[in-house]
Amino acid sequence: MPKLFQINECLNLSTGKIAQAIDEMALLRGWESYIAYSGREKAVPSKSHTICIGNYADACMHYARQRLFDNEGLLSKRYTRELIAKIDKVQPDIIQLHNIHDHWLNYPLLFEYFATLYTPIVWVQHDCWAFTGGCMYFDMLNCSRWKNGCKGCPDKRTLLKNQSVRNFNLKRDYLAKIKNLTFVPVSDWLADILRESVQKDRPIITIHNGTDLNTFKPINSLKPSNGKFRILGVAAVWDARKGLDDFVELKSMLSDDFVITLVGLTKKQIKNLPAGIAGIGRTSNVQELAKLYGESDVFVNPTYSDNFPTTNIEALACGTPVITYKTGGSPEAIDNKTGIVIKQGDVVSLANAIMWMKGNPFSSADCRKRAEDHFDKDKCFEKYIELYDEILNI
């Protein structure tokens, strides 16, 4: 049977859930499947062979030096060699990368090894790091330097020296040596950007993320009424990039008929919320999260940097319409029957759209149907297996 070897910095959150879903589909289609993940993450039950690489102490050291010297992806040599030895032992037919940054691996060592192989490499693009000098997103900085070398980088991610030009050149040069590399962006927005980047001559194939329609589904009971219009926001980490400040400003524009609930906040953030915004900490209980989506009248995503947020499609699957900023691939989740797209940062228009939607509710059935037609995880992730078969001529 063919073997799939996935590499991702986490196993149980965000991109880790995507890797697990691809893994499950591969197993269903008769593949043997492996996932290597960072040792700083907690292990979770998996049907696949899971391989823990590195540890928390190494990740902290890597992060500290990255913050000082812009060395993301240039440390952790010992654990990268350990990963290479595992790949050598498995001898996979397809190697699939997800996020290999986030102070975990040494990409020059890894890419040098890949350059010796004829094994196809599929790299899922969850952000822009693969073709920039270090940033994962550049839209908040309104930067286009990634098109020609990242000279004069405006990002303040390091304390001492920004090494964007060096990092850009290293990634470009090491990736150029890999014989059989396919990029899979998870949004059309990122696919278009890749086609303007230094990696434009590689195969670039969009595969949207999907969600579990059996978990995220409309609730059986009616949405709570009591005259209130319920607004929901969800993020793994809340900061200015995810629009937390915009929610605070938004509340000041809405009457008491509108209540806002934000999920994923820290205790400190919850304590500092203004009246009219309820805060909930991060939850790993997907049933609880699905219930929150289903009870809400609208899901609002005022994100400033994003690729293809799964929160949008989770909301749709629960029958809840979406209002989002025109950021990255976020608008790709909806159409004119299931949501509204607002100019990034236009909180006044955001408030007006919410008030309009209160008087003109969208159909819950239309939202659910869009999720079923386009974002069923089984249909979405089966496309990876089809891609593997095409690459291997199976």
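Fair warning: this is a prediction, and the values are worked out from it, not measured in the lab.
Geometrically, K179 engages Y118 in a cation-pi contact, judged by NZ or CZ lying under 6.0 Å from the ring centre and within 45° of the ring axis.
Between F131 and W123, the distance from one ring center to the other does not fall under 6.0 angstrom. If you look at F168 and W146, their ring centroids are not closer than 6.0 Å. Residues F308 and F375 place their aromatic rings such that the two centres sit under 6.0 Å apart.
Between W129 and H101, the ring-plane angle classifies as parallel under the 30° and 60° cut-offs. Ring planes of F362 and W356: perpendicular class, angle over 60° (limits at 30 and 60°).
No side-chain N or O of T303 forms a donor-acceptor pair with one of S330 less than 3.5 Å apart. Checking R230 against T320 by side-chain atom types alone, no donor-acceptor pair falls below 3.5 Å.
Applying the salt bridge (charged side-chain N to carboxylate O under 4.0 Å, His left out) test to pairs two or more places apart or on separate chains, those with a residue in residues 95-122 are R40-D102. Screening residues 252-279 for ring-ring contact (aromatic ring centres under 6.0 Å, His included) gives F229-F258 as the qualifying pairs, with residues at least two apart or on separate chains.
Judged as a side chain to side chain contact (heavy atoms under 4.5 Å, CB included), and not counting sequence neighbours, the contacts of Q344 are Y304, Y325, T327. For the side chain to side chain contact (heavy atoms under 4.5 Å, CB included) test, residues two or more places apart in sequence or in another chain that qualify with N352 are V348, M355. For R368, the side chain to side chain contact (heavy atoms under 4.5 Å, CB included) test picks out L213, K217, P218, A317, E372, with sequence neighbours left out.
Around atom NZ of K86, no more than 12 heavy atoms belonging to other residues, nucleotides or ligands sit under 6.0 Å away.
K242 and D239 are not joined by a salt bridge, as no carboxylate oxygen comes within less than 4.0 angstrom of a charged side-chain nitrogen.
Contact record, L83 with A36: CD1-CB, 3.6 Å, taken as the closest heavy-atom pair.
Of the possible polar contacts, one joining the W104 side chain to the I53 backbone as a donor-acceptor pair under 3.5 Å is found.
Cluster partners of L159 are L68, F69, L160, counting Ile, Leu, Val, Met, Phe, Trp and Tyr whose side-chain heavy atoms approach within less than 4.5 Å, directly or via other members.
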